[in-house]
Amino acid sequence: MASNYLYSTRDHKFIIKEWLDGAKILGLKRFRDVYSIEDVDGILDQSLRVCKDVVAPTNDDGDTIRAVFKDGKVTVPPSFHNAFKYVAENGWGASNKDVDGEGSLPSLLYGAVHEYMIAANPAFVAYLGLPGGVGSIIKQFGSQEQIDFFTPKMFETVWGGTMCITEPGGGSDVGDMLSKAYPTDDPKIYKIKGTKCFITCGDHDLTENIIHLVLARIDGAVPGTKGLSLFIVPKIWVNEDGSLGEPNDVATVGIEHKMGLQGSATAVLNFGEEGLCRGFLLGAPLDEKGFGQGMAQMFKMINGSRVDTGHCALSVATVAYNNAVAYAKDRVQGRPIDNPRGSRVPLIQHEDIRRMLLTQKATLEGMRAMIFKGYYYLDLIAFGDLPEDVRQAKRYIELITPLIKAYSSDQAWLMITEAIQVHGGYGYTEEYPIARQARDVKIYSIWEGTNFIQSLDLVFRKWGLDKGSIFKEWLQDIAVFVKENSANAEFPREIAMLSQALKAYQELMGTVFGYMKENIRLVPLYSTRILRVTAELYCAFLLMQQALVAQEKLAQEIGDTDFYKGKINSAQFYLRNIVPDVMATAQIIKDYDTSAMDIPEGAF
């Protein structure tokens with residue numbers, strides 16, 4: 001079995017330094033005395049070296065040695081320990097989630113670092129990232145005592161962290177969960193009882209303690225999601241002086257036997273089997289109506305995790321694409337169709353191989369543009385100096401989060417199938433890394449709310465935010481771009497296609513709003529397709545922005561010609577070959593078909 005970590009910093013340097021206004025982010029009050037735009041190349045180059053030399057060598061161990069459950073405990077491969085320690089101590093890990101942390105990178109920069117790390121070993125990254133995510137939630141919602149007690153060791157990754165939401169009988173029906181919390185004589189502490197499953201990094205031996213964020217219903221709270229609260233539940237109880245005490249009645253029942261991400265322990269946890277599990281309530285107690293704050297708190301982490309999940313999918317698929325390109329350049333097979341008696345040529349000279357590679361390149365670059373636009377907004381929300389910047393970023397990140405999560409994770413799976421096809425029969429073997437990447441990437445369309453849930457969020461919530469004004473404004477940005485570039489002689493077909501797609505999408509919205517009143521079952525029937533074409537429209541818009549930058553750079557004759565030409569070709573291919581799906585899907589939805597609802601269950 002072979003890993004082949006092929007990655008580049010070039011697209012990230014383009015995004016941060018040439019397309020998005022990275023200088024603006026690094027010039028914010030939070031960062032201006034620490035970093036400048038001149039630091040970008042060094043940070044990205046150094047982090048890629050760390051990921052190549054330290055993290056990537058652990059990837060094979062994750063897939064072969066795996067996370068192991070034995071005698072009630074989970075161990076990870078020995079190589080994970082060395083990499084975990086090195087990355088954490090050198091500031092590439094959870095410390096970057098601390099908004100007040102010294103030397104922490106803005107999301108725009110750390111997003112690139114994180115991408116290299118995911119690509120190097122996707123099973124390893126959650127162990128490193130979850131403590132920071134959990135610590136940031138405690139820092140945002142906890143008392144000063146809880147913040148001081150838990151977060152320093154979490155940001156230092158001395159302690160791990162988890163999100164404990166899903167239950168064996170609950171799944172996506174969060175409001176039906178059965179985990180309970182019971183008050184004790186100490187108003188800060190509750191007894192916790194329940195079972196949680198599919199808990200990423202739920203148990204391991206990388207840290208001395210694990211801090212679980214557990215969603216549970218306080219005894220007496222109202223039913224449904226409104227009655228849920230969030231609790232800080234240490235695996236090992238922490239004494240008042242900060243030292244570790246006795247185990248906290250948190251039992252690991254087992255870990256899942258998964259399709260991929262074998263080095264990542266996905267655990268089933270029992271809380272309070274012996275009635276001795278204790279947890280600290282995060283935030284305020286139940287109000288007079290029996291409402292808790294748990295879901296609002298948890299969603300702060302979930303929304304950030306949805307962006308990260310889409311980014312994970314992109315990262316794994318990019319390694320597959322890079323390997324497909326390398327293989328296509330090296331593998332000599334077949335002769336040109338217009339010269340059948342000529343010499344055999346590398347695969348990359350065959351037309352269909354080039355189509356598959358450019359499909360991957362264009363789609364992945366569109367996904368990356370969308371994701372880093374999200375990171376740009378997140379930096380403005382957290383650290384923006386101007387209220388209008390913060391306001392606008394908050395409005396737009398709401399809209400694009402489901403697109404980032406769902407479109408990226410759906411397309412990553414499809415792009416890896418193209419990478420397998422480029423390899424031919426070798427792609428179906430474990431001697432090449434693509435098979436593993438296919439196994440690893442599939443979970444991302446399920447994590448953090450399935451992609452169907454993301455599509456319902458888009459259509460039923462995001463379309464209607466602020467009485468629909470936010471989405472209208474977002475579409476207007478595309479309309480303005482089309483108008484301003486309608487005379488561009490370099491891209492007449494592409495701008496015309498973007499204009500057609502925008503018009504078709506607006507008509508699609510009108511059709512769906514009609515279905516909401518007349519036959520609401522048609523909305524979930526089509527919602528996943530609606531999300532897909534929403535993302536296609538947005539990626540097309542962003543890729544065209546990048547193409548204009550590339551056009552300008554080529555005119556300046558500054559070098560790196562292949563890269564800039566590749567940017568233009570990516571945009572052209574995406575607009576001409578993928579964006580027509582927007583128009584086709586709009587027509588399909590307009591000419592609705594109810595066969596999927598009409599067919600008898602016995603006919604399946």
Side-chain angles (χ1 to χ4, degrees), residues 1-11 14 48 52 56 59-60 63 115-116 119-120 122 260 313-368 408 410-442 539 543 547 550 560-581:
M1 185 176 294
S3 290
N4 191 16
Y5 182 58
L6 298 177
Y7 232 81
S8 168
T9 62
R10 185 63 185 94
D11 201 29
F14 172 81
L48 183 60
K52 182 178 181 180
N59 200 6
D60 283 346
D63 207 52
E115 183 173 325
Y116 308 149
L314 165 72
S315 307
V316 176
T318 300
V319 175
Y321 162 70
N322 290 340
N323 275 272
V325 171
Y327 182 82
K329 289 179 177 180
D330 290 341
R331 173 72 166 168
V332 175
Q333 186 171 338
R335 292 170 174 80
I337 195 168
D338 58 356
N339 185 15
R341 296 185 179 181
S343 300
R344 297 166 73 238
V345 297
L347 284 174
I348 200 165
Q349 295 186 26
H350 295 297
E351 291 76 11
D352 194 53
I353 296 291
R354 298 174 75 84
R355 175 196 63 78
M356 287 190 282
L357 292 176
L358 190 48
T359 298
Q360 294 170 70
K361 174 179 165 60
T363 303
L364 295 173
E365 288 179 6
M367 289 157 54
R368 184 176 291 113
S408 299
D410 279 340
Q411 293 302 312
W413 168 256
L414 297 175
M415 293 307 103
I416 291 178
T417 67
E418 294 280 33
I420 291 172
Q421 196 70 18
V422 169
H423 281 75
Y426 290 110
Y428 197 63
T429 70
E430 296 289 356
E431 280 71 29
Y432 287 79
I434 314 300
R436 180 193 307 168
Q437 284 143 9
R439 291 188 280 107
D440 286 347
V441 85
K442 191 63 193 82
C539 287
L543 287 173
D560 213 355
T561 301
D562 283 351
F563 175 81
Y564 293 117
K565 285 184 176 179
K567 276 289 172 189
I568 290 173
N569 291 144
S570 287
Q572 289 173 325
F573 184 89
Y574 196 90
L575 267 293
R576 297 176 185 180
N577 293 272
I578 294 173
V579 169
D581 178 52

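The analysis underlying the following values was restricted to heavy atoms, covering all of them including side chains, and did not include hydrogens, waters or symmetry mates.
Expressed to the nearest 0.5 Å, how far CG of D11 lies from CG of L364 amounts to 10.0 Å. Atoms CD1 and CG, on I353 and L347 in that order, are 5.0 Å from each other to the nearest 0.5 Å. Note that CD of E351 and CD1 of I337 are 6.0 Å apart. Values are rounded to the nearest 0.5 Å. For the atom pair CZ (F14) and CD (E365), the distance works out to 8.5 Å, reported to the nearest 0.5 Å. Distance check, rounded to the nearest 0.5 Å: OG1 of T359 to CD1 of I578 gives 6.0 Å. Between D440 atom CG and N59 atom CG the span is 7.0 Å, to the nearest 0.5 Å.
With hydrogens and angles ignored, the 3.5 Å screen pairs a side-chain donor or acceptor of Q360 with a backbone N or O of M356. Side chain of N323 to main chain of P433: no donor-acceptor pair is present (N/O by atom type, distance under 3.5 Å, no hydrogens or angles).
Between D63 and R439, some side-chain heavy-atom pair lies under the 4.5 Å cut-off. Using a 4.5 Å cut-off on side-chain heavy atoms (C-beta onward), I568 and Y564 make no contact. Residues V345 and R335 fail the side-chain proximity criterion, which asks for heavy atoms closer than 4.5 Å. Under the 4.5 Å side-chain criterion, counting only non-hydrogen atoms from C-beta, E115 is in contact with S315. At least one side-chain heavy atom of R331 sits under 4.5 Å from a side-chain heavy atom of Y426.
Summarising the geometry of S343 relative to P336, their closest heavy-atom pair is O-CD, 3.6 Å, with the distance given to 0.1 Å. Closest approach of I420 and A438 over heavy atoms only: CD1-CB, 4.1 Å. Closest approach of A313 to A412, counting heavy atoms only: O-CB, 3.4 Å. When all heavy atoms of K361 and S570 are compared, the pair lying nearest together is CE-OG, 3.1 Å. Closest approach of A550 and K567 over heavy atoms only: CB-CB, 3.8 Å. The heavy-atom pair separating A328 from L357 by the smallest distance is CB-CD1, 4.1 Å.
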side-chain hydrogen bond (donor to acceptor under 3.5 Å, both in side chains) assessment of N569 paired with Q572 = CA-CA 5 Å; N569 291 144; Q572 289 173 325; 3.1 Å; yes

Under the side chain to side chain contact (heavy atoms under 4.5 Å, CB included) rule, what do T363 and F573 come out as? Steps first, then yes or no, please.
-> CA-CA 9 Å; T363 303; F573 184 89; over 6 Å; no

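Taking a 6.0 Å sphere around CZ of R354, one finds it holds 12 or fewer heavy atoms contributed by other residues, nucleotides or ligands.
Checked for salt-bridge contact, R436 and D60 meet the test: a charged N lies under 4.0 Å from a carboxylate O. Between R355 and D352 there is a salt bridge, with a side-chain nitrogen of the basic residue lying less than 4.0 Å from a carboxylate oxygen of the acidic one.
Screening T318, V319, I434 for a side-chain contact (heavy atoms from CB on, under 4.5 Å) involving I416 leaves a single residue, I434.
Relative ring orientation between Y327 and H423 is described as parallel, the plane-to-plane angle staying below 30° on a 0-90° scale split at 30° and 60°.
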